[in-house]
Number of protein chains: 2
Amino acid sequence: MKQKPTLKVIAKELDVSVSTVSKALRDSKEIGEETKQKVKAFAKLYNYRPNNIALSLKNKKTKTLGVIIPEIVHHFFTTVISGIEQHANDKGYNVIVGLSNESFRKEVINLEMLANGSIDGFIISVAKETLSVKDYHHLSETIDQGIPIVMFDRVIDEIECDKVIVDDAKTSKKAVQKLIDSGCKRIGIISTKDYVSVGKLRTQGYLKALKINKIDLNEDLILKIDDKFNSDDNLEFLEEQIYSYFKNNTIDGLFAVNELYAITAMKVARQKGLKIPEDLQIIGFTDGVLSKHAFPPLTTISQHGFEMGMESAKLLIERLENTNDEEEPFKTSIVKTDIIERETTKL
Amino acid sequence: MKQKPTLKVIAKELDVSVSTVSKALRDSKEIGEETKQKVKAFAKLYNYRPNNIALSLKNKKTKTLGVIIPEIVHHFFTTVISGIEQHANDKGYNVIVGLSNESFRKEVINLEMLANGSIDGFIISVAKETLSVKDYHHLSETIDQGIPIVMFDRVIDEIECDKVIVDDAKTSKKAVQKLIDSGCKRIGIISTKDYVSVGKLRTQGYLKALKINKIDLNEDLILKIDDKFNSDDNLEFLEEQIYSYFKNNTIDGLFAVNELYAITAMKVARQKGLKIPEDLQIIGFTDGVLSKHAFPPLTTISQHGFEMGMESAKLLIERLENTNDEEEPFKTSIVKTDIIERETTKL
DNA sequence: TATCAACACGAAAACGTTGTAGCTGAGAAT
DNA sequence: ATTCTCAGCTACAACGTTTTCGTGTTGATA
C-alpha cells in the first residue's frame, strides 16, 4: 500500500521546492521546461492527485452539492437525483445526499451536518412534517449564512430562493379537463391534506376544471388522505380509506394526486368489479415505474423529474459561480408537464 | 448575510487567542471557568460550527462515504442507499453518491473524482460494462492507495475486499424448488448473460434445483437476455425476446432473475391467454414496488436491500475505525433472503 | 526570600494547496 | 565596471482547526 503522494514528498524526492512542483504541474511559465518535464513524469509515475480537501479549504469551495430529500426509495426523487447528478458531474461537482424520511428533525440535522463547510449549496424538497409544522428557521438560517438553496417540487412560498416546480394547478386542470373531454360526468379526486403544497395546488386545479365546465362541486368526491409520513408502509390504511370512498360514491372519472393513490384506487375499483377504462377512467400524477407497468398501464402526468433535477442543479451552480457582486434575483423555473396517455383513459 | 464565524474572529472579538477559544469550546480543563462561559456564550450567539473541511484536512478523515452504483432509478439500489444512509448517519458519516450508468468509463471517473481525499472509503456495486470488459484496475489501485472498498451485490472475486451479497445460487435453488413443489413440470428461467455475476449464479441455482429433482435440463428453457445497459429503455427489445421465447416453449413455471423480467413475462403470458398462476407460476428476484403492485402481485425473493446497505456501511466503517495496526482479514457477509409469497404462485 | 507547583493562557506547527513576493545568477546594456 | 533584465526558482502566508509545548502569574511552601 503506497501512501498518497503530496507535493511535499515529490518536492523532497526531486530536490526542488513545493512551490516549484505545484507550478510545474499547473504548467506555469515561471518554471523551466526541463524541470516541468521531470516533475510531471514523476507525478504521473506516482499517480499524484491534488488533495481535494486542501483545495476546498483554500478556495472556500467544495465543489459539492447537498441534496436533501424526504425519501430515496421513490421513483420521482430518484429521477430528480439523476438529473442533478448529470448536470453536477458535467460541471465538476459532486453530490452528497441526505434523507429526511419526511421528518422535520432529520431535515434540520441533515442541513446542519452539511452546512459547516461541507457543501457549497443545497437542493432540497422539504419534508411533509416541515410543511405541516411550518417551521422554516433552518432554511432561512442557512440562506442567511450565505449558503444558497434551491427548492424543488415541494417548495415554501415564504422562503426566498430559487425554485423549480411544475405548474401543479394548471397541470391538474388539464388532466381533469381530459377526463371531462373523454365523457366523464362524475369525477373524483384523491389528494393529500392541504399542508402538502402540491396536494393543495393539484386540488385547486381540479376545482378550477370543474368550475370552467360548470360542473357542480360535490365535496364528497374529494378524498384527502392524511399520510403524514411514508404511505408505502401504511398501504392497508390507504386501501381502507379508498375502499370506503368508493363505497360511498359512484364515479366514472378519477384524478389521483400521485401514482400510488392511482394504482391503489385501480385495485379497489377492480375488486368492486369496475372495468377500467370502460366504467372508470383514471389519471395519475407522476410517471413512475408503477404507472408504466401497472395493469392496465396508467395514464399519468409526467413531471419530468430528470429535467427538474437538471434545472435545479443548473440554477444552483449558476448562482454559486456568479461572480457579479450584485446578487441575482431569485428565479422560479416551471418545468413543463405532459399527459402520458396509456390505457386507463379512453380515446 | 452574516459571515460564518471562525475561531479567529471569535478570538479577536473576545481578545483571547485562537487556542483558547478552541480549548474553551472543547471544554478543556486548561481554561478557566469564566473564560469558558464567555466563549461558549459568544459561540452560541453567533452560531459557530467548526469548519468540517479544516477538520478533514487536519484529521485526514472526511467522515464521508462514497457510494457508486450503476443507476439510482432502481428500487433495489435505493433501498440499499437507504440502509447505507441510516447506518452512516448513525455513525456521523455523510454519503456521497456517484452514478456509473452501467458505464465503465463513468465508474472510473467517479472513483477518481472521489479518491483524492474527498471520502474515506467506497461502497460500490460495479457496472455491467465493467464486469464484461473485466478491467478492474481502478478498483485495485484505489485499494492500493489505502482507500477501503466494500462491494455489494455485483462483486468481483478477483478483488480482495469486504463484500456483501446474498447467496444467489442457493436462493435461486430454493425458488425453483418451490416451483417444483407447487407442481411445475416444465420450468424456465429468464436470466442475464453470464458476465453479470448474479445472473450466472442464479442460473446455477436453477440448474442445481433441476438436477436434485432429476429433471432433465432443456437448454431452450434458459433465456439469457443481453442488456449490457439499462434495460428500462429497451423495453420493446425485452418484450420481443420474451415473446419469441414463449412462442417456442411451453412452460408452467418461470423463474426470473429480476423484477422487470418477471413482470414483462407476465405481460406477454397474459397476451398469450395464459392464466397466472393457474397455467403459469412465476417467481421473481428482488422485491420492489413493481412486484408488490403488479397484477397479480408477484411472488418474489426479497434481497433485503436495506440490510445489505446497513451491512455494507457497517463493514466499511468498522474497517475505517479499526485502530489495530494489524489489518483485519476481509469479510464476506451473506444476507439472508426470503421468498415473499404473493399471487403468482399456488398454495 | 527563594522555590515550586498549579493555573490560565498563548505561540507555533501541522494538514496540502496556491499565489505573491522575493531571491539568485547570468547575460545584456550602459 | 556597474546597473539592469529576466529566467528560474524558493519562501511565506493563508485557508480553519487542534494540539503540543511553552510562559507568565499567582499563592503556597521551605
Side-chain angles (χ1 to χ4, degrees), chain A residues 3-40 42-43 46-64 92 114-120 145-147, chain B residues 3-40 42-43 46-64 92 114-120 145-147:
Chain A
Q3 261 317 314
K4 299 221 75 181
T6 66
L7 291 187
K8 204 199 276 191
V9 321
I10 298 183
K12 191 170 291 177
E13 211 70 28
L14 260 43
D15 211 42
V16 291
S17 79
V18 172
S19 335
T20 304
V21 179
S22 170
K23 285 171 185 163
L25 291 174
R26 327 199 95 243
D27 239 338
S28 159
K29 61 189 62 168
E30 287 183 59
I31 306 297
E33 201 51 45
E34 201 182 347
T35 319
K36 273 191 201 171
Q37 295 309 327
K38 199 174 58 175
V39 171
K40 284 182 182 173
F42 194 93
Y46 283 88
N47 194 29
Y48 169 80
R49 300 251 173 271
N51 182 311
N52 224 323
I53 298 293
L55 286 178
S56 297
L57 183 57
K58 192 156 198 351
N59 304 332
K60 292 164 156 268
K61 291 190 179 174
T62 61
K63 286 258 178 187
T64 302
L114 296 175
N116 54 15
S118 301
I119 52 101
D120 295 340
Q145 289 185 6
I147 304 178
Chain B
Q3 261 317 316
K4 298 221 76 178
T6 67
L7 290 186
K8 204 200 276 191
V9 321
I10 298 184
K12 191 169 291 177
E13 211 68 28
L14 260 42
D15 211 40
V16 291
S17 79
V18 172
S19 345
T20 303
V21 179
S22 171
K23 288 170 185 166
L25 291 174
R26 329 199 93 243
D27 238 337
S28 158
K29 61 189 60 164
E30 286 183 58
I31 305 298
E33 201 51 46
E34 202 182 348
T35 318
K36 272 191 205 173
Q37 294 310 327
K38 198 174 57 174
V39 171
K40 285 183 183 174
F42 194 92
Y46 284 88
N47 195 31
Y48 169 80
R49 301 251 173 271
N51 181 311
N52 225 324
I53 298 292
L55 287 177
S56 296
L57 183 57
K58 192 153 199 356
N59 304 332
K60 291 165 156 270
K61 291 188 180 175
T62 62
K63 287 262 182 182
T64 302
L114 296 176
N116 54 14
S118 302
I119 53 99
D120 295 340
Q145 290 185 6
I147 304 178

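Proteins get letters first, then strands, A, B, ... in listed order; numbering begins at 1 in each. When reading the values below, keep in mind they use all heavy atoms of this one structure, side chains included, and skip hydrogens, waters and symmetry mates.
If you check C:dG16, D:dG16, C:dG10 against the side chain of B:K23, the one that comes closest is C:dG10. For B:S17, the side-chain atoms get nearest to C:dG10 when compared with the rest of C:dA8, C:dG10, D:dT18. If you check D:dG16, C:dG19, C:dC15 against the side chain of A:K8, the one that comes closest is C:dC15. Distances from the side chain of B:V16 to the nucleotides D:dT10, D:dT17, C:dG10 place C:dG10 closest. Listed nucleotides: D:dG22, C:dC15, C:dG16. Nearest to the side chain of B:K58: C:dC15. Closest to the side chain of B:T20, from the set D:dT10, C:dG10, D:dT18, is C:dG10.
Looking at heavy-atom distances under 4.0 Å, A:T6 makes contact with sugar-phosphate atoms alone, never a base.
Note: NZ (B:K60) to P (C:dA14) measures 13 Å, nearest angstrom. Rounded to a whole Å, the CG atom of B:L57 is 12 Å from the P atom of D:dG16. Here the C1' atom of nucleotide C:dG16 and the OH atom of A:Y46 are 20 Å apart, to the nearest Å. As a whole-Å value, the separation of B:E34 CD from C:dC7 C1' is 14 Å. In this entry the distance linking CG of A:L7 with C1' of C:dA14 reads 15 Å, nearest Å. One interatomic measurement links the two molecules: CG of A:N51 to P of C:dT18, which rounds to 10 Å at whole-angstrom precision.
Rounded to 10 degrees, the angle between the two end axes of the helix from C:dT1-D:dA30 to C:dT30-D:dA1 is 90°, with five pairs used at each end.
When the side-chain nitrogen and oxygen atoms of B:K29 are compared with OP1 and OP2 of C:dA6, none of them lie within a distance under 4.0 Å.
Looking at B:S19, its side chain comes within 3.5 Å of the base of C:dA11 through a donor and an acceptor atom.
Both B:A54 and A:R26 lie near DNA chain C, and the one whose nearest nucleotide falls closer to the 5' end is B:A54.
Not one N or O on the side chain of B:K63 forms a donor-acceptor pair closer than 3.5 Å with the backbone of B:S56.
When every heavy atom of A:S118 is checked against every heavy atom of B:N52, the shortest pair comes out as OG-ND2, 3.3 Å.
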